[in-house]
Amino acid sequence: IFGDNRSMFVVTKKHDSFYAEELADVDPSRVLEQPANRGTGVAIIAALLQLLEREVDDIVGIFPSDHYYADNAAFAATVKSAINVSSEHDDSIVLIGAKPEWPEVEFGWIEPGLFITNGTRTPLFGVSRFCEKPRLAEARSLMRKGGLWNTFITIGRASAFLKLLSATVLPAMTCMAEAVARGDLQSVYNEIETIDFSKHVLSMDTSGLLVMPDNMSGWADLGNQARVIDTLDRNNIEPAWLREMRRSNVCTQVHVGHER
């Protein structure tokens, strides 16, 4: 969908032992190394400002790195539809919401609004509201009403993102813009408050947001070890490290039982 020369990687310096080898062959101009973690909102602001220094107001896609898709082709088709919608709705940001399989209380949810006519085959809706990590009863209610898991995948023109960020976190935008112009991210990261893009930006102004359901890709969030193993099991994948971990656990259990 996007060529290698059209991708930027946003990382945090203290994690360099995890990404240094992975990104060794990537042009340094396409790697934004944050001095510290100040939340998803600050990372997105920094990336957008740097992109706009050398790019025109193009369509931008934000993709978390800890996701899994059982069907890559289905996911790519949804992303292409979102790009097409963004080209028609310059002032809007398109979110991709995954069809829920259970009333998850650890994910954010999106409650779709009115149906929006568009030129793709994929349904499109306005956004009624966000709900971060609901209680079980509310998650069940959202699921019954057609709520979607918030995948955090967002697509739209850079100007649409900047407009929303300016409307919701303008002081942070101003500080970051000045720091990027000086080429000095360290100082602003020492002072700036943490910004959660979903909580402090998206949920504060839903008027320019659209949501596109992803019903087919088999999206999963790999945010912790339990989710990683659950996703692997549900997709019948057993890498060598998981097989060895399970073998070690079995041996440990047998050993402990023998000692008793």
Side-chain angles (χ1 to χ4, degrees), residues 1-2 4 7-24 26 30-34 36-44 47 60-79 82 94-110 130-134 136 139 142-143 147-155 194-199 201-202 211-249:
I1 301 174
F2 302 98
D4 288 345
S7 299
M8 173 180 280
F9 300 90
V10 184
V11 296
T12 304
K13 186 173 180 59
K14 73 174 184 179
H15 298 149
D16 67 336
S17 61
F18 299 102
Y19 63 74
E21 184 176 347
E22 288 285 334
L23 302 180
V26 175
R30 296 196 294 109
V31 179
L32 172 57
E33 187 177 73
Q34 301 179 98
N37 178 18
R38 291 295 180 263
T40 49
V42 172
I44 289 169
V60 174
I62 298 171
F63 300 88
S65 61
D66 59 348
H67 290 182
Y68 171 82
Y69 309 96
D71 188 332
N72 288 329
F75 174 66
T78 301
V79 171
V94 182
L95 296 91
I96 294 179
K99 182 179 180 180
E101 299 181 45
W102 58 83
E104 177 62 61
V105 296
E106 291 298 318
F107 293 165
W109 289 69
I110 301 169
F130 286 85
C131 184
E132 285 295 314
K133 297 184 178 180
L136 181 58
L142 285 163
M143 193 168 177
L148 302 167
W149 286 339
N150 182 10
T151 69
F152 201 82
I153 299 162
T154 46
I155 296 169
T194 296
I195 297 174
D196 181 302
F197 189 62
S198 287
K199 180 179 179 180
V201 179
L202 295 177
V211 62
M212 181 171 284
D214 171 19
N215 298 333
M216 303 299 293
S217 77
W219 172 86
D221 183 329
L222 306 177
N224 57 47
Q225 179 178 309
R227 288 184 192 165
V228 170
I229 294 174
D230 177 66
T231 299
L232 292 172
D233 286 344
R234 286 191 292 114
N235 289 277
N236 298 313
I237 301 170
E238 188 178 48
W241 63 264
L242 180 57
R243 189 161 51 250
E244 181 59 30
M245 183 182 76
R246 284 173 168 160
R247 185 181 297 116
S248 298
N249 287 344

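Please read these numbers as outputs of a predicted model, since none were measured by experiment.
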Enquirer: Should the pair D233-R246 be classified as a salt bridge under the 4.0 Å nitrogen-to-oxygen rule?
Expert: yes
Enquirer: Evaluate the criterion side-chain contact (heavy atoms from CB on, under 4.5 Å) for residue pair V11 and L23; output intermediate values, then yes/no.
Expert: CA-CA 10 Å; V11 296; L23 302 180; 4.1 Å; yes
Enquirer: Can a donor-acceptor pair be found between the side chains of D214 and T151 at a distance below 3.5 Å?
Expert: no
Enquirer: Taking all non-hydrogen atoms of both residues, which atom of T231 and which atom of A220 are closest, and how far apart?
Expert: OG1-CB, 3.5 Å
Enquirer: CG/D221 to CD/E106 distance, rounded to the nearest 0.5 angstrom?
Expert: 10.0 Å
Enquirer: Got a second to check how far I110's CD1 is from C131's SG, nearest 0.5 Å?
Expert: 11.5 Å
Enquirer: For residues D71 and M216, determine if any side-chain heavy atom of one lies less than 4.5 Å from a side-chain heavy atom of the other.
Expert: no
Enquirer: Do other residues, nucleotides or ligands put more than 12 heavy atoms under 6.0 Å from F2 CZ?
Expert: yes
Enquirer: What's the shortest heavy-atom distance between E104 and W149, and which atoms?
Expert: CB-NE1, 3.7 Å
Enquirer: CG/L202 to OG1/T40 distance, rounded to the nearest 0.5 angstrom?
Expert: 8.5 Å
Enquirer: Ignoring hydrogens, what is the shortest heavy-atom contact between I237 and L242? Give both atom names and the distance.
Expert: O-CD2, 4.3 Å
Enquirer: Please round to the nearest 0.5 Å and tell me the distance separating atom NZ of K13 and atom CD of E33.
Expert: 4.5 Å
Enquirer: Flag the pair I153 / F75 as yes when at least one side-chain heavy-atom distance between them is below 4.5 Å, and no otherwise.
Expert: yes
Enquirer: About how many Å separate CZ of F18 and OG1 of T12, when rounded to the nearest 0.5 Å?
Expert: 11.5 Å
Enquirer: Which heavy-atom pair separates M143 from E101 by the least distance, and what is that distance?
Expert: CE-C, 3.6 Å
Enquirer: With the side chain counted from C-beta on, respond yes when N235 and Y68 share a heavy-atom pair under 4.5 Å apart, and no when they do not.
Expert: yes
Enquirer: On a heavy-atom basis, which atom in R30 and which in S7 lie closest, and how many Å separate them?
Expert: NH1-O, 2.9 Å
Enquirer: Roughly how far apart are D230 CG and R227 CZ, rounded to 0.5 Å?
Expert: 10.0 Å
Enquirer: Carefully, step by step, assess S217 and T78 under the rule side-chain contact (heavy atoms from CB on, under 4.5 Å).
Expert: CA-CA 9 Å; S217 77; T78 301; 5.9 Å; no
Enquirer: Any non-hydrogen side-chain atom of Y19 less than 4.5 Å from a side-chain atom of S65?
Expert: no
Enquirer: In the structure I gave you, are the side-chain heavy atoms of I229 and M245 within less than 4.5 Å of one another anywhere?
Expert: yes
Enquirer: Closest approach of P134 and F107, non-hydrogen atoms and distance?
Expert: CD-O, 3.5 Å
Enquirer: Can you confirm whether more than 12 heavy atoms, excluding those of E244, are under 6.0 Å from its CD atom?
Expert: yes
Enquirer: Do other residues, nucleotides or ligands put more than 12 heavy atoms under 6.0 Å from the CD atom of E22?
Expert: no
